[in-house]
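Per chain, numbering begins at 1; letters A, B, ... match sequence-line order. Computed from a predicted model, the values in this text were never measured in an experiment.
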There are 2 protein chains.
Amino acid sequence: MVRLAGELFAQKGYRATTVREIADAAGILSGSLYHHFDSKESIGDEILSGFLDEVLADYRGAVASGDGPREVLEQIVRTSSHTLVRHRAALAMLQNDWSYFAAQPRFAYLRKDLREIERIWTGELQRGKDLGLFRADLDVKLTYRLLREILWIPVHWRQPGGFSTDQVVDAFLRLLFEGITA
Amino acid sequence: MVRLAGELFAQKGYRATTVREIADAAGILSGSLYHHFDSKESIGDEILSGFLDEVLADYRGAVASGDGPREVLEQIVRTSSHTLVRHRAALAMLQNDWSYFAAQPRFAYLRKDLREIERIWTGELQRGKDLGLFRADLDVKLTYRLLREILWIPVHWRQPGGFSTDQVVDAFLRLLFEGITA
DNA sequence: GTCTATATCGAGATAGAC
DNA sequence: GTCTATCTCGATATAGAC
């Protein structure tokens with residue numbers, strides 16, 4: 001049931017998906033849905049919190065590995081990419097309906113968790129600068145913002161003739177570390 | 001009036017903004033809005049088409065300059081960035097409510113124009129590969145998708161302590177051509 | 001656990017007085 | 001050109017029968 005709703009959310013976004021469509025997909029009528037859930041919001045909550053728990057675990061695991069910043073970032077990109085793909089419903093919700101969720105107290109944890117993710121990225125980028133691994137003129141916050149957006153979006157286009165997750169990840173990592181210049 | 005609505009769309013997205021809020025901001029009642037516009041959709045249409053006309057002009061101008069691919073891409077990034085900032089309402093609409101607009105025949109031009117933008121990016125990337133300026137293993141379509149997303153998003157965060165447009169552009173161009181490695 | 005029927009609400013939009 | 005009043009519609013959610 002949650003998975004069904006998630007499929008629809010992933011396709012059309014959260015707000016654009018009606019409970020009637022979810023019920024249709026489940027082969028029941030909309031009223032019957034409320035035997036399984038108290039609200040559409042609580043479905044969204046379950047999907048979003050499950051996603052963030054898992055992706056935060058990826059980030060913390062990468063940091064805990066004790067490697068250098070380049071290795072930590074690479075591990076983050078590689079592990080979290082697959083998590084993102086598995087949770088593309090959550091990602092679609094964050095992308096399409098961010099302003100909606102961000103405004104609600106119930107979803108305050110979204111901001112908190114994203115702040116932790118930002119701290120990890122900027123921390124590793126800074127560490128790389130200090131070690132002389134990354135360019136000294138790198139603005140860590142700005143770079144993080146550019147990069148996270150890039151990283152979170154590919155899930156969006158996994159429909160027509162799509163790239164595999166690993167293709168996207170490899171292209172991303174090359175771009176990140178080396179740029180496009182020959 | 002359009003500018004007022006645009007401000008609200010930029011802040012909260014198109015769907016999340018009600019005509020009553022637009023009227024409030026204008027100091028009139030919602031019914032009175034319809035003396036100025038026949039529908040909320042037509043406001044959205046005006047904002048979106050105005051944006052795309054202008055940004056396409058930037059792209060075509062850069063291509064017409066006759067420079068090499070690196071210069072063309074750099075010019076695109078520099079000129080269109082400022083256009084994006086001026087049209088952040090349109091950008092917020094595309095980001096928050098893409099699925100909504102993409103589904104409507106009235107907004108079919110969105111897909112068409114974005115396809116032209118994609119053709120220009122991939123064309124220049126390919127030309128750079130052919131000239132040996134860019135890495136031979138670059139997937140032009142994949143790279144374009146990664147880059148356009150990055151480029152279109154910074155407008156989103158121009159609120160707290162924000163970066164200037166030029167800061168963002170410079171960081172983006174360095175990342176693009178050289179990566180983050182020292 | 002699903003049905004029918006309906007309550008409730010918010011949104012976009014309209015009509016006609018002033 | 002703005003007001004009041006109201007229509008219409010679609011969406012979430014509820015109540016109670018089966």
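A donor atom on one side chain and an acceptor atom on the other are found under 3.5 Å apart for B/Tyr109 and B/Asp45. Judged by distance alone, the side chains of A/Gln95 and B/Gln95 never bring a donor and an acceptor atom under 3.5 Å apart.
Between B/Tyr34 and C/dA13 there is a side-chain polar atom (N or O) within less than 4.0 angstrom of OP1 or OP2.
Whole-Å rounding puts the A/Leu33 CG to C/dA5 P distance at 19 Å.
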Distances under 3.5 Å between protein N/O atoms and the N/O atoms of nucleotides 6-11 of chain C, please, pair by pair.
none

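When DNA chain D is scanned in the 5' to 3' direction for atoms under 4.0 Å from non-hydrogen atoms of chain A, the outermost contacting nucleotides are D/dA11 to D/dT14.
Classification of B/Asp137 and B/Lys129 as a salt-bridged pair fails, no side-chain N sitting under 4.0 Å from a carboxylate O.
A/Arg119 forms no cation-pi arrangement with A/Trp121, by the criterion of a distance under 6.0 Å to the ring centre and an angle within 45° of the ring axis. Cation-pi contact between A/Lys12 and B/Tyr100: absent, since separation from the ring centre below 6.0 Å together with deviation from the ring axis within 45° is not met.
Relative orientation of the B/Phe101 and B/Phe107 rings is perpendicular, given thresholds of 30° and 60° on the angle between their planes.
Contact check of residues 21-32 of chain B against DNA chain D (heavy atom, cut-off under 4.0 Å) returns B/Ile28, B/Leu29, B/Ser32.
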key: Test log, rule side chain to side chain contact (heavy atoms under 4.5 Å, CB included), inputs A/Arg148 and A/Leu114   = CA-CA 10 Å; A/Arg148 204 215 59 186; A/Leu114 290 179; 3.8 Å; yes

task = Decide yes or no on salt bridge (Lys or Arg N to Asp or Glu O under 4.0 Å) for B/Glu124 and B/Arg127, but give the supporting numbers first.
result = CA-CA 5 Å; B/Glu124 294 304 317; B/Arg127 200 155 65 93; 2.8 Å; yes

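The shortest side-chain heavy-atom distance between A/Phe134 and A/Phe177 falls under the 4.5 Å cut-off.
Aromatic pair B/Trp152/B/Tyr144: centroids not less than 6.0 angstrom apart.
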